[in-house]
Structures are given as C-alpha cells and as structure tokens.
Engineer: 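Structure provided below as structure tokens; questions to follow.
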Amino acid sequence: MKHLKKLMAIGLTAAMVTTTFGAATALAAGDSKEVSGSHVFMFKSVGNAFGVIMYDGFSSYMEQVGENCIEKSPAETTVAAQVQLLDESITQGCKSLSISTNGDTGYDEVFAKAQESGIPVVSVDSAASADYRVTHNNQASSADIGAMQVRAAVMIELGVPYDPEDADMSKSVEAALADYDGEEIHIGVLSAGIDTPVQNGWIAEMEKELSKDIYAGKVSPELDKKYGDDEATKSTTQAQAFLAENKVDVIISPTTVGIAAAGEVLTQAQSDIKLTGLGLPSEMKNYMPASADDNEFDFVCPYMMLWDVKHLGASTAAIQMAVQNDGFDGAAGSTMTMEAWGDYAEETFTAEEDGDGTSVLTGIPYVFYKDNMAEWVDVL
Ligand code: RAM
C-alpha cells in the first residue's frame with residue numbers, strides 16, 4: 001500500500017511523456033559540451049516510453065541536487081550502438097554512466113576505459129557486468145517478477161480474476177490449478193532481445209516457477225519464446241507469428257514494447273490467445289479493462305504488472321550521487337540514502353550480493369487490473 005501511494009503521487013501526465021520523448025530523441029545526437037561534466041543516462045534505445053519515464057525521474061532528481069545530466073540512448077537496441085555512445089561519453093568527460101544494457105557481453109573494453117577514467121558505472125533495469133559496475137539498481141525482485149507473470153498467465157487462461165487480497169497470486173493460482181483437469185496449457189513468451197540480461201533473468205524465474213509440482217501435467221514447462229528486440233515492428237511480426245502458429249494459449253510479454261505490440265495484434269485479430277506481462281497502463285489502455293464494471297475477460301489483457309518507473313530513474317540518480325558525494329562503493333551490506341524527492345520521503349537502501357556483484361532493490365511489482373487502470377492511464 002505504501003508503494004501504491006508513492007506511485008499515485010507521481011503525477012506524470014501523458015502529455016509530459018510526449019514532450020520528454022521529443023527531448024530525448026533530440027539529445028541522443030549528443031553534444032560534447034553537454035556531456036562534459038554531466039551524468040549520462042543511457043537506456044536500451046530511444047523511443048521506448050519506459051526509458052523516457054525513467055529518464056524523467058533521473059533528471060528530476062539530478063536537477064534537485066543541482067547536477068547536470070543528459071540522455072544518450074542509441075537509435076538501435078544493440079550492444080554496439082551503446083558501446084559507441086559510452087565510448088564517446090567517456091572521451092567527452094562525462095561524470096558518471098547509468099545504463100540499461102542490451103546484452104551480457106561486448107562492454108568490457110569500454111567499461112574498463114570508464115573505470116580507468118574514474119567514471120562510475122551503475123546499471124539499472126538490465127544489468128552491466130559485476131566486474132565494472134558499482135552496483136545494479138534492481139527495480140523489483142526478479143523471482144517475484146518471473147513467478148507473478150506465470151501465475152497471471154495461468155489464472156487468465158483459467159478465467160480467474162486478479163484478487164488484490166492475494167497480491168502475489170500464489171494462492172489463487174494454486175487453487176485454480178487444483179480444480180483443473182483440462183488440456184495442458186501452453187505459454188508463449190514475447191521478449192526483448194535474445195541476449196538482454198534483464199528479460200533473460202525473468203524468463204529463468206518463469207521456468208523455475210513452472211517446475212513446481214502445482215503445474216505438473218497442467219501447464220507445459222516449455223515456454224515458446226520469440227524475440228521482438230524491443231522494437232515495435234519486430235515485436236508486431238513476432239506477435240503475428242504466435243497468431244499464425246496458434247500453438248500457445250496465452251502470451252507473457254516481459255517488455256513494455258512487446259506487450260503493447262501483442263495487445264494490438266491480438267485485439268485486431270479478435271484472437272482467443274490471452275496476454276499478460278509487464279506494461280505501461282498508458283500504452284495498454286486499448287487492450288485492457290478500464291473500470292470495475294468491465295468484464296476483464298472481454299479484453300486480451302485482463303491484468304498485467306510493472307513498478308514505479310519514475311522512481312526507478314530517481315533512485316538511479318541517487319545512487320550516482322551517493323557514489324560521488326558519500327563514498328558509496330556498492331559493497332554488500334553498505335547503505336545509501338536517497339533524499340526526499342517530489343512526494344517521496346527520504347529512503348535508505350542497502351546493497352546486497354547479486355551474482356558476482358551487488359544490487360540495490362528499490363521497488364516492488366505492482367498489478368494493474370480493472371479496479372485501478374483508470375488511476376494509472378495518465379500516470380505511467
Ligand atoms: C521495456 C524494456 C525494459 C523492461 C520493461 C519492462 O521497456 O525492455 O528493459 O524492464 O520493458
């Protein structure tokens with residue numbers, strides 16, 4: 001509930017998203033004067049509303065603490081395009097690098113150059129190598145995000161509404177499956193890039209969830225995976241392929257670009273294939289119920305999840321400021337403080353071991369469904 005209030009306090013309008021998007025595109029071309037002495041924020045690519053909202057939070061926090069920042073996201077969602085912009089930013093003397101990566105490998109040389117130049121690298125959303133990052137800003141527990149998407153997919157296929165009393169859906173899915181003796185349910189995944197760390201981490205957690213006894217013989221443990229590279233056109237083509245093949249009952253899309261593309265394709269085709277995953281209410285409003293009076297199963301996406309994206313950007317800025325001013329080095333067990341910002345009170349986060357490095361958990365997954373969509377369409 002605490003987080004819900006926080007989310008409601010964001011006050012980001014659709015109009016602001018549009019304006020900021022225009023600015024991000026213009027800034028992507030870059031200018032050495034702006035990069036020099038600025039904190040660089042790099043999303044997977046420009047034109048992704050998730051990245052736009054995150055940068056809005058990042059820049060708002062940086063502005064509050066009197067620092068300059070700039071977005072330098074590439075036109076294409078590739079490692080090579082990010083590496084080039086990272087290299088340029090380092091050469092031009094940026095203060096710090098905050099990045100959501102497009103892949104696991106290919107960054108070592110440029111990250112080593114950042115390290116040698118004393119430029120701290122913090123990853124957010126999609127992690128950078130533990131060898132080079134100070135820490136990773138984790139938007140919500142990967143295990144929860146993976147498991148909740150599987151539970152939502154199965155419940156939606158079985159016609160079970162979301163019950164906020166069972167926030168992580170664990171009880172609802174167990175009860176629904178206990179009563180189910182129909183054909184095995186098949187789930188498709190429409191992801192971002194085949195090498196994208198964050199989506200691959202969530203998919204691994206989906207597979208872990210599906211290996212639990214409650215699913216045995218009722219839901220196939222094999223996920224049918226397709227990759228839209230976080231590009232609208234490719235994601236649309238992949239969603240059309242699911243439709244043409246007609247092998248899956250429900251699609252999970254753990255990317256805001258993919259879920260919006262699939263929403264359009266499935267809705268236009270009046271398909272029986274249902275949809276859930278991670279989406280922005282503003283981009284999903286045409287494929288989801290709008291109010292408690294709606295029957296959610298009349299829509300391709302009865303419910304879906306995400307987290308507070310603007311806060312995610314602001315907490316990334318706060319991590320960079322803690323590195324710059326407070327000697328925060330991301331060591332396991334060390335803490336950092338995010339100062340009061342907007343309607344948010346001061347918060348302290350602790351770095352925890354995560355793989356070979358650490359991460360700081362700054363959010364929780366939140367379910368959007370018919371009772372709360374109206375509050376969110378103009379916010380996220
Ligand atoms: C997309 C991106 C991002 C992911 C969200 C949910 O915008 O792929 O990495 O976290 O969706």
Side-chain angles (χ1 to χ4, degrees), residues 7 12 17 20-21 24 41-58 71 73-74 76-79 81-82 98-104 122-128 136-142 144-146 148-149 152 189-206 225-236 238-239 251-263 275-284 301 303-313 315-316 359 361-368 376 380:
L7 279 164
L12 178 74
V17 173
T20 321
F21 168 65
F41 174 89
M42 190 176 296
F43 194 62
K44 292 167 160 182
S45 60
V46 286
N48 180 331
F50 183 95
V52 172
I53 297 172
M54 218 204 299
Y55 182 65
D56 196 45
F58 183 88
E71 182 181 359
S73 305
E76 289 195 349
T77 320
T78 63
V79 172
Q82 285 191 317
S98 299
I99 182 170
S100 171
T101 60
N102 284 323
D104 278 323
V122 169
S123 53
V124 54
D125 175 45
S126 200
H136 173 66
N137 187 1
N138 189 11
Q139 45 219 344
S141 140
S142 296
D144 287 349
I145 298 172
M148 285 171 69
Q149 288 181 89
V189 172
L190 175 54
S191 193
I194 195 162
D195 296 319
T196 313
V198 66
Q199 270 83 18
N200 286 346
W202 294 329
I203 292 170
E205 294 294 344
M206 290 176 201
K225 298 167 205 153
K226 297 191 192 300
Y227 299 91
D229 290 346
D230 265 358
E231 285 176 23
T233 314
K234 273 194 198 168
S235 302
T236 299
Q238 296 305 311
I251 297 171
I252 296 175
S253 186
T255 142
T256 57
V257 179
I259 197 173
L275 175 68
T276 191
L278 304 176
L280 290 163
S282 56
E283 293 187 330
M284 290 298 290
C301 180
Y303 42 94
M304 62 166 192
M305 282 138 270
L306 204 65
W307 43 84
D308 186 341
V309 186
K310 196 173 176 193
H311 179 270
L312 182 66
S315 57
T316 305
S359 64
L361 181 66
T362 58
I364 52 165
Y366 182 73
V367 177
F368 299 100
W376 292 107
L380 281 181

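Order of listing sets the numbers, starting from 1, for every ligand and every atom in it.
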Engineer: Measure from every N or O atom of ligand 1 to the protein's N or O atoms and keep only the pairs below 3.5 Å, writing each with atom names and distance to 0.1 Å.
Structural biologist:
residue, atom, partner, partner atom, Å
ligand 1, 7 (O), N48, OD1, 3.2
ligand 1, 7 (O), N48, ND2, 3.0
ligand 1, 7 (O), T256, OG1, 2.6
ligand 1, 8 (O), K44, NZ, 2.9
ligand 1, 8 (O), Q199, NE2, 3.0
ligand 1, 8 (O), D230, OD2, 2.5
ligand 1, 9 (O), K44, NZ, 2.7
ligand 1, 9 (O), D125, OD1, 3.3
ligand 1, 9 (O), D125, OD2, 2.5
ligand 1, 10 (O), D125, OD1, 2.6
ligand 1, 11 (O), T256, N, 2.9
ligand 1, 11 (O), T256, OG1, 3.4

Engineer: Before giving the answer on side-chain hydrogen bond (donor to acceptor under 3.5 Å, both in side chains), spell out for D230 and T255 the whole-Å C-alpha distance, their side-chain angles and the decisive distance to 0.1 Å.
Structural biologist: CA-CA 7 Å; D230 265 358; T255 142; 2.5 Å; yes
Engineer: With sequence neighbours left out, write down each residue that passes side chain to side chain donor-acceptor pair (under 3.5 Å) with S142, or none if nothing qualifies.
Structural biologist: none
Engineer: Applying salt bridge (charged side-chain N to carboxylate O under 4.0 Å, His left out), name anything that partners E231, two or more places apart in sequence or on another chain.
Structural biologist: none
Engineer: Is there a side-chain contact between S45 and S73, using heavy atoms and a 4.5 Å cut-off?
Structural biologist: no
Engineer: Mind checking salt bridge (charged side-chain N to carboxylate O under 4.0 Å, His left out) for D229 and listing every partner two or more places apart, or none if nothing turns up?
Structural biologist: K234
Engineer: Would you say the ring centers of Y366 and W307 fall short of 6.0 Å from each other?
Structural biologist: no
